[in-house]
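Worksheet for the structure shown next.
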Amino acid sequence: MYSVFAVDDEPIVLEGIRSKIDWESQGFTFVGEASDGEIALSMIQELKPDILITDIKMPFMDGLELSAAVKRIQPWIKIIILSGHDEFDYAKKAISIGIEDYLLKPFTPDELISSLSKTALQIDKERKQLSDISRLKEELKSSEMLKKKEFLNNLVHGSEPMSDVMQKSQDLGLNLISRFYKVLISRIQSRTGNSQNQQEACSLLNSYSAAWQQAECFFHHSNLLVCIFKGSSRDELDESVFHAAEAIAHIATKNDDCAVLSAIGKTVEHLSQLSLSYADAKHILEIENDGAQNRIISSEDLESDESSEENGAAFDSALLDLKENDPLVDRLKYASRNDIAAIKEESLELIKKNPGQFNVFASYLLVDLIFAVSKLVEKLGGNIKELKPEILQRKFVDEAVQNEENFSRNMEQLLSFALDYRDSKMTGKYGGIILKAKRFIEENYADQNTTLTTVAEAVALSPNHFSTIFSQECKMTFIEYLTNVRIENAKRLLRETDMKGYDIAYDCGFSDPHYFSYIFKKNTGLSPREYKETNV
C-alpha cells in the first residue's frame with residue numbers, strides 16, 4: 001500500500017479526490033487532507049505519506065512552496081501537482097523542484113489513478129535501486145569515498161589535526177564552515193538478526209543521506225550512520241537534526257524487521273569540539289541497549305532528566321518507567337480529562353456486548369482500574385492505602401456495580417482522582433510538556449488552526465522535537481491524538497445534543513463536514529448518523 005495525502009483550497013476538489021476513488025482496491029491508502037499548504041506541512045511531517053497531491057495555487061503557502069519544503073525535509077515523498085490551464089509557468093517551475101507528475105484541472109478519477117500508478121512504479125523502481133547492496137559496497141570501495149569517510153571519522157573522534165581540517169575538507173569537496181554543529185548517530189538493527197534486511201536498510205539510508213545538504217554522513221562499522229549537522233542558529237540546527245532523525249527512522253523501518261535508535265549529541269560551536277558532541281551521542285547508544293524499539297534521544301533530554309533527579313524530583317522518570325504489560329496503567333501516564341469519558345464509554349460498550357452479565361464484567365473492569373490507579377500512585381511515591389483506602393474494600397466494588405449509573409459515576413471519580421494525583425506530582429521535563437500540550441489541545445481542539453506547530457509553540461519546543469517526544473511517550477502520533485480528541489467530542493455532541501452533523505463538524509475543528517464524516521467512520525466504523533441512531 002502507498003499512502004496518499006491531498007491538499008487543495010477547494011473543498012469540492014478534496015471531496016472528489018477522497019470519495020471518488022476506491023483507494024484500497026487500487027493499492028493506496030488515503031491518510032489525510034488539508035485546505036492550505038501551511039496546515040498541510042505540519043500534518044505531512046507527522047503522517048509521512050509516500051505521495052503528495054497538491055494544488056499549485058493556494059492561500060498562505062502555495063503548492064510550490066509546500067513542494068519545496070517537503071522535498072527539503074522528506075525527500076522520498078513523490079509529488080503530483082494539480083494546476084489550471086493558465087498556470088503552466090507554475091507547473092514548469094514545479095518540475096525544477098522535482099515533482100513526479102502534474103494534472104490539469106478538471107481531471108477524472110481515472111486520470112488521477114493513472115498518475116498515482118505511474119508514481120507508485122517510480123517509488124518501486126527507486127526503492128529497488130536504493131536497496132541494491134552491491135551499489136553500497138562499490139561506493140564504499142571507491143578511493144574518494146574511503147578518503148572522505150576516514151577524514152570525517154577522524155574529525156568526530158578528535159584525531160584529525162585542526163591545522164589540516166580546512167585544507168583537507170576543501171580537497172574532498174566538503175563545506176564544513178558553520179556557526180553551530182551537532183552529531184547524530186543512528187544505529188540500525190534487525191530485530192531478528194537478519195543481516196540481509198539490515199544491510200538493505202543501511203543501503204537505503206546511504207543513498208538518501210548523500211543528498212542532505214545540511215549534513216555530511218558516513219557509515220561507521222556496518223550499521224552506525226554518523227551525521228555531522230551544520231546550522232546558522234541553534235534552533236535551525238535542532239530542527240534539521242530532528243527532521244533527519246525522523247526521516248532515518250521512516251526510511252530504515254520500511255522493512256518491518258528493522259529498528260532504529262538515533263542519538264543526538266550536544267550542540268557545539270567549533271569543529272574542534274565535534275568530538276564532544278560525538279561522545280555524547282555515543283554515550284546514549286551505550287546506555288540504550290534495547291534494539292527492538294525505535295527511539296530518538298538527545299543529550300539535552302538526558303541532562304534534563306538527570307538534573308531533575310538531583311533535585312529530588314524523580315517522579316517523572318518513575319512515570320516513564322511504567323511498563324506496557326497493563327495497557328490501562330500505560331494509558332493513565334498521560335491521559336487527559338477528555339480521556340475519562342472515552343475510558344468510561346469503552347467500558348460500557350464492552351459490558352453491552354455481554355448482555356445479562358453486567359455485574360461480572362463491571363466488577364472485572366472496576367477492579368482492573370483500581371489496580372491501575374494503585375500502581376500509578378505507587379510509582380509516583382504515594383500509598384493508595386493512605387490516600388484512598390475505601391477503593392480497596394470489597395464493599396466499594398459491590399456498591400459500584402449495582403447499576404450502570406453507579407458504575408459510571410465511580411469510574412469517573414476514580415479516574416479524576418488518579419489524574420489529579422498524577423498532575424500534582426509531575427515535575428519532570430517530559431511530564432510537564434505532555435500534560436501542557438494535552439491541556440492546550442483540550443482547550444483549542446475546536447480551532448481548525450490547531451496543528452503540530454501551534455501546540456509545539458505552546459510548549460516552547462520545535463515542532464519536530466515535540467513530535468518525537470509526543471509519539472514516543474504517548475504511543476501515538478500527535479495527529480492521531482488530536483483526531484481522537486475531536487472524534488470523542490463529536491461523539492459526545494451526537495449523544496447529548498440535537499445539533500446537525502455539519503455544525504458538530506465545525507464545532508470539533510473539522511474544516512469540511514464531508515471530511516468529518518469520512519474520518520468519523522474510519523475511526524468508529526459508523527457514520528455520524530449511524531452512531532447517533534445507536535446511542536439515542
Side-chain angles (χ1 to χ4, degrees), residues 1-7 27-32 34 37 40-54 63-81 94-102 115-133 135-136 139 184 186 188 197-215 217 219 225 227 229 239-260 262 294 296 452 463-464 467-468 471 477 479:
M1 288 284 183
Y2 306 89
S3 54
V4 180
F5 189 92
V7 192
F28 299 93
T29 303
F30 188 76
V31 294
L41 186 59
S42 176
M43 296 176 72
I44 290 166
Q45 281 181 240
E46 280 263 294
L47 296 170
K48 298 178 177 62
D50 295 309
I51 301 171
L52 167 65
I53 302 169
T54 179
L64 292 179
E65 293 173 295
L66 175 62
S67 297
V70 166
K71 283 294 185 181
R72 188 169 60 251
I73 62 176
Q74 295 178 7
W76 66 84
I77 294 178
K78 304 303 177 188
I79 301 173
I80 298 172
I81 289 283
I95 292 170
S96 69
I97 292 172
I99 66 159
E100 273 55 51
D101 200 4
Y102 74 91
S115 180
L116 287 166
S117 298
K118 184 168 66 175
T119 304
L121 287 174
Q122 180 64 25
I123 293 173
D124 289 342
K125 181 181 177 182
E126 186 174 287
R127 286 177 182 173
K128 187 175 185 305
Q129 289 174 338
L130 292 176
S131 62
D132 185 351
I133 297 172
R135 180 182 172 188
L136 171 60
E139 285 184 353
L184 164 72
S186 293
I188 300 91
N197 288 340
Q198 186 172 295
Q199 284 182 326
E200 286 183 358
C202 290
S203 181
L204 275 171
L205 285 172
N206 185 61
S207 298
Y208 275 117
S209 62
W212 290 340
Q213 296 180 356
Q214 73 274 33
C217 307
F219 268 92
L225 179 63
C227 302
F229 279 85
E239 194 70 5
S240 295
V241 173
F242 275 98
H243 273 312
E246 290 210 325
I248 288 167
H250 181 77
I251 293 164
T253 55
K254 290 284 186 185
N255 187 320
D256 293 336
D257 181 46
C258 291
V260 181
S262 287
N294 291 311
I296 300 171
L452 173 70
N464 252 65
S467 172
T468 299
S471 60
T477 67
I479 293 294

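Scope of the values below: all heavy atoms of this structure, side chains included, with no hydrogens, waters or symmetry mates. All of these numbers come straight from a predicted model, not from anything done at the bench.
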Could you give the distance from [atom1] ([X]) to [atom2] ([Y]), rounded to the nearest 0.5 Å?
| X | Y | atom1 | atom2 | answer |
| --- | --- | --- | --- | --- |
| T54 | I79 | OG1 | CD1 | 8.0 Å |
| E46 | K48 | CD | NZ | 6.5 Å |
| Q45 | H243 | CD | NE2 | 4.5 Å |
| S117 | Y2 | OG | OH | 9.5 Å |
| I188 | C202 | CD1 | SG | 4.5 Å |
| I51 | T119 | CD1 | OG1 | 5.0 Å |

Under the side chain to side chain contact (heavy atoms under 4.5 Å, CB included) criterion, do V260 and L205 qualify, and how do the steps go? CA-CA 11 Å; V260 181; L205 285 172; 5.6 Å; no
Going by side chain to side chain donor-acceptor pair (under 3.5 Å), name the residues that satisfy it together with [X], two or more places apart in sequence or in a different chain.
| X | result |
| --- | --- |
| N197 | N255, D257 |
| S3 | D50 |
| S186 | S262 |
| S240 | none |

Please give me the minimum heavy-atom distance between [X] and [Y], naming the atom from each residue.
| X | Y | result |
| --- | --- | --- |
| L66 | A40 | CD2-CB, 4.2 Å |
| M43 | A34 | SD-CB, 4.2 Å |
| F30 | G32 | CZ-O, 3.4 Å |
| A252 | A201 | O-CB, 3.9 Å |
| P49 | F5 | CG-CB, 3.8 Å |

Any donor-acceptor pair under 3.5 Å linking the side chain of S203 with the backbone of Q199?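 A pair under 3.5 Å: no.
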S467 (side chain) donor-acceptor with P463 (main chain) under 3.5 angstrom: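 It does not hold such a pair.
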Passing candidate, side chain to side chain contact (heavy atoms under 4.5 Å, CB included) with V4, options L52, V31, L116: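 Between V4 and the candidates, side chain to side chain contact (heavy atoms under 4.5 Å, CB included) is satisfied uniquely by L116.
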Return the set of residues passing salt bridge (charged side-chain N to carboxylate O under 4.0 Å, His left out) with D101 (not counting sequence neighbours), or none when no residue passes.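 Expected list: K118.
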Which residues pass the salt bridge (charged side-chain N to carboxylate O under 4.0 Å, His left out) test with E100, sequence neighbours left out?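 E100 satisfies salt bridge (charged side-chain N to carboxylate O under 4.0 Å, His left out) with K71 only.
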Evaluate I479 against L452 for side chain to side chain contact (heavy atoms under 4.5 Å, CB included), listing each step before the verdict. CA-CA 8 Å; I479 293 294; L452 173 70; 5.7 Å; no
Output, in order, the C-alpha distance, side-chain angles, deciding distance and verdict of side chain to side chain contact (heavy atoms under 4.5 Å, CB included) for I248 and L184. CA-CA 11 Å; I248 288 167; L184 164 72; 3.8 Å; yes
